[in-house]
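Everything below concerns the one structure shown next.
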Amino acid sequence: MNPNDFSAKLKKLLDAVVDQFTSKDAMQTLGDEAAALIKKRTRVGYGVAGPGATKSKLKPLSEPYKKQRKADGVAATTSPNKSNLTNTGKMLDNIGAVASKGKVTIGFSDADQEQKAEWVTEGGRPFNSLSDAEIKQLRNKLEAAIKLQLKNVFKSLK
Amino acid sequence: MAQIKHIQAVIAVPDSLTEEQRDIVARDIIAKIQSNTSEGISRNGTKFPKYSDEYKQSLDFKNAGKSNTPNLELTGDMMASIEVISSRSGQITIGFKTSHPDADKVEGNQIGSYGQPDPNPSKARPFLGLPQKDIDLIIARAKSNSENKAEFNNALDSIINGILGKVRNEP
């Protein structure tokens, strides 16, 4: 195939892919996956200082707070000594995605849980960003989905 | 600190491959390793040893929603972070830098040490690499029509960066 023909067909196809993968539904799926990655990483005990940063272990809990957690009881997704931003589990459960065409925002639907997130972040345990490796995970998923979409169409370019 | 020989794999490729073709090969090899590992398949094409009962009972295992198939994914970060370390005529090196936060975890899986001083081959889950027949197939594919594939990969990267740029976090 003439290189110019290939480039023109490629551009047309990929423009269509961009439209499809930035639709409201597609952005919702992407946002849900991003929210799930943040919840999982935080429950395992890692935070992220900001967008694209490398994850790091969440600051340990203080001894008095560990004792309080042991006495009061904690959710099944944590233990009294584990630092994973979980007490009842409501804050992390509340993380979700709100999408529109070409945009998705990861955040909280409940103002109380959002307030908690701000407190723990200001207290030295930032967590609500995508880490460098999480961005790579989303990139890999997107790449696989786009390639699958284009697989059959590209046969016609050969 | 993890040893380079345990966290990187050197893949021999024909000297005749161009830089562009080596890029395609490296990308496809990493994707195949990720795919194999997600299915519990080692670099030799064999199945990984099963997870221990102790690990399966751990809080992290449950919180990560892991299945019983060993896929080396807790947060998923380690597998997503495999990168091309270097590429030159005749060889490609893939894996992790010693400064990577998961380097010790990679080494633990590769040699079965898991934080212990000695390796334990019976517990090892070596994942960095592919059976030679898979590498040969990837090289053969890269040789054909590589200019179009390189252009496709560049366009794909550009699109994905654009889409990921539309994700925002609040607060």
Side-chain angles (χ1 to χ4, degrees), chain A residues 1 3 6-7 10-11 14 17-18 21-22 26-27 30-31 34 36-38 40-41 43-46 51 54-56 76-79 82 84 86 97 102-108 114 117-118 121 128-140 142-144 146-147 150 154 157-158, chain B residues 27-28 30-35 37-38 57-66 73-84 96-97 99-103 105-106 141 144-171:
Chain A
M1 178 182 293
F6 177 82
S7 295
L10 179 65
K11 185 177 183 315
L14 295 182
V17 165
V18 170
F21 281 81
T22 55
M27 295 307 290
L30 183 64
L37 287 174
I38 291 169
K40 181 163 71 172
R41 178 248 303 147
R43 286 198 176 109
V44 170
Y46 291 92
T54 300
K55 72 179 180 190
S56 58
T77 48
T78 190
S79 67
K82 188 166 181 70
N84 66 350
T86 302
K103 183 184 172 187
V104 63
T105 303
I106 317 298
F108 298 84
E114 183 169 359
E118 287 176 6
T121 298
N128 188 27
S129 298
L130 287 166
S131 71
D132 51 358
E134 285 159 355
I135 292 169
K136 284 182 186 169
Q137 289 192 60
L138 291 177
R139 166 183 294 280
N140 289 344
L142 271 174
E143 182 170 330
I146 292 172
K147 278 185 171 173
L150 291 176
F154 259 81
L157 292 176
K158 290 181 180 174
Chain B
R27 187 175 177 135
D28 288 352
I30 290 172
K32 180 68 175 166
I33 289 172
Q34 289 165 334
S35 165
T37 305
S38 73
Q57 294 304 317
S58 71
L59 190 59
D60 283 350
F61 190 94
K62 291 172 185 169
N63 278 344
K66 287 177 69 61
E73 282 190 21
L74 187 62
T75 61
D77 290 351
M78 184 178 81
M79 290 313 300
S81 298
I82 303 173
E83 62 180 328
V84 182
F96 299 80
K97 292 174 183 155
S99 58
H100 191 279
D102 287 332
K105 191 176 157 190
V106 174
R141 283 182 185 156
S144 69
N145 217 8
S146 62
E147 283 184 10
N148 286 355
K149 282 178 184 163
E151 185 179 351
F152 173 72
N153 282 343
N154 289 337
L156 193 58
D157 286 343
S158 171
I159 285 173
I160 291 170
N161 287 340
I163 295 171
L164 289 176
K166 299 176 189 304
V167 181
R168 295 278 182 271
N169 289 70
E170 289 179 351

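All values below were derived from every heavy atom in this structure, side-chain atoms included, with hydrogens, water molecules and symmetry-related copies excluded. Chain A is the first sequence line, chain B the second, and so forth, proteins listed ahead of strands; every chain is numbered from 1. Values in this document were obtained by computation on a predicted structure and should not be read as measured data.
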Please state whether the side chain, the backbone, both or neither of [X] comes within less than 4.5 Å of a heavy atom of chain B.
{"X": "A/Asp132", "answer": "neither"}
{"X": "A/Thr77", "answer": "both"}
{"X": "A/Leu37", "answer": "side chain"}
{"X": "A/Ala97", "answer": "neither"}
{"X": "A/Thr86", "answer": "neither"}

- Message: Please evaluate residues A/Thr105 and B/Asn169 with respect to the criterion side chain to side chain contact (heavy atoms under 4.5 Å, CB included), reporting the C-alpha separation (whole Å), side-chain torsions for both, the decisive distance (0.1 Å), and the verdict.
- Response: CA-CA 6 Å; A/Thr105 303; B/Asn169 289 70; over 6 Å; no
- Task: Name the region of B/Asp102, side chain, backbone, both or neither, that has any atom closer than 4.5 Å to a heavy atom of chain A.
- Result: side chain
- Query: So what's closer than 4.5 Å to chain A heavy atoms on B/Ile163: side chain, backbone, both or neither?
  - Reply: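 Contact with chain A is through both the backbone and side chain of B/Ile163.
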- Task: Output all residues satisfying salt bridge (Lys or Arg N to Asp or Glu O under 4.0 Å) with B/Glu73, sequence neighbours left out; order by chain, then residue number.
- Result: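 So B/Glu73 forms no salt bridge (Lys or Arg N to Asp or Glu O under 4.0 Å) with any residue.
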Search all heavy atoms of [X] against all heavy atoms of [Y] and return the closest pair with its distance.
{"X": "A/Ser79", "Y": "B/Leu59", "value": "N-CD2, 3.9 Å"}
{"X": "A/Ala133", "Y": "B/Ser81", "value": "CB-OG, 3.7 Å"}
{"X": "A/Thr22", "Y": "B/Lys166", "value": "CG2-CE, 3.7 Å"}

To the nearest 0.5 Å, what is the distance between [atom1] on [X] and [atom2] on [Y]?
{"X": "A/Gln137", "Y": "B/Asp77", "atom1": "CD", "atom2": "CG", "value": "5.0 Å"}
{"X": "A/Leu138", "Y": "B/Ile160", "atom1": "CG", "atom2": "CD1", "value": "10.5 Å"}
{"X": "B/Ile159", "Y": "A/Leu142", "atom1": "CD1", "atom2": "CG", "value": "10.5 Å"}

- Task: Kindly indicate, with the supporting measurements, whether the criterion salt bridge (charged side-chain N to carboxylate O under 4.0 Å, His left out) is fulfilled by B/Asp60 and A/Lys82.
- Result: CA-CA 10 Å; B/Asp60 283 350; A/Lys82 188 166 181 70; 3.1 Å; yes
- Pairwise side-chain contact, A/Arg139 with B/Asn161, heavy-atom cut-off 4.5 Å (strictly under):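 The answer is yes; the side chains approach within 4.5 Å.
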- Using a 4.5 Å cut-off on heavy atoms from C-beta on, say whether the side chain of B/Met79 contacts that of A/Lys136. no
- Message: Using the ring-ring contact (aromatic ring centres under 6.0 Å, His included) criterion, which residues pair with B/Phe61? Sequence neighbours excluded.
- Response: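 So B/Phe61 forms a ring-ring contact (aromatic ring centres under 6.0 Å, His included) with B/Tyr51, B/Tyr55.
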- Note on the structure: From the list A/Val44, A/Ile146, A/Asn140, the residue making the most non-hydrogen contacts under 4.5 Å with chain B is A/Val44
- Query: Can you tell me if B/Asn63 uses its side chain to pair, donor with acceptor, with the backbone of A/Arg43 under 3.5 Å?
  - Reply: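 Between the backbone of A/Arg43 and the side chain of B/Asn63 there is a qualifying donor-acceptor contact (under 3.5 Å).
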- Partner chain A: residue of B/Ala31, B/Ala64, B/Gly162 with the largest heavy-atom pair count (under 4.5 Å): B/Ala64
- Is it true that atom NZ of A/Lys103 has more than 12 heavy atoms of other residues, nucleotides or ligands lying nearer than 6.0 Å? no
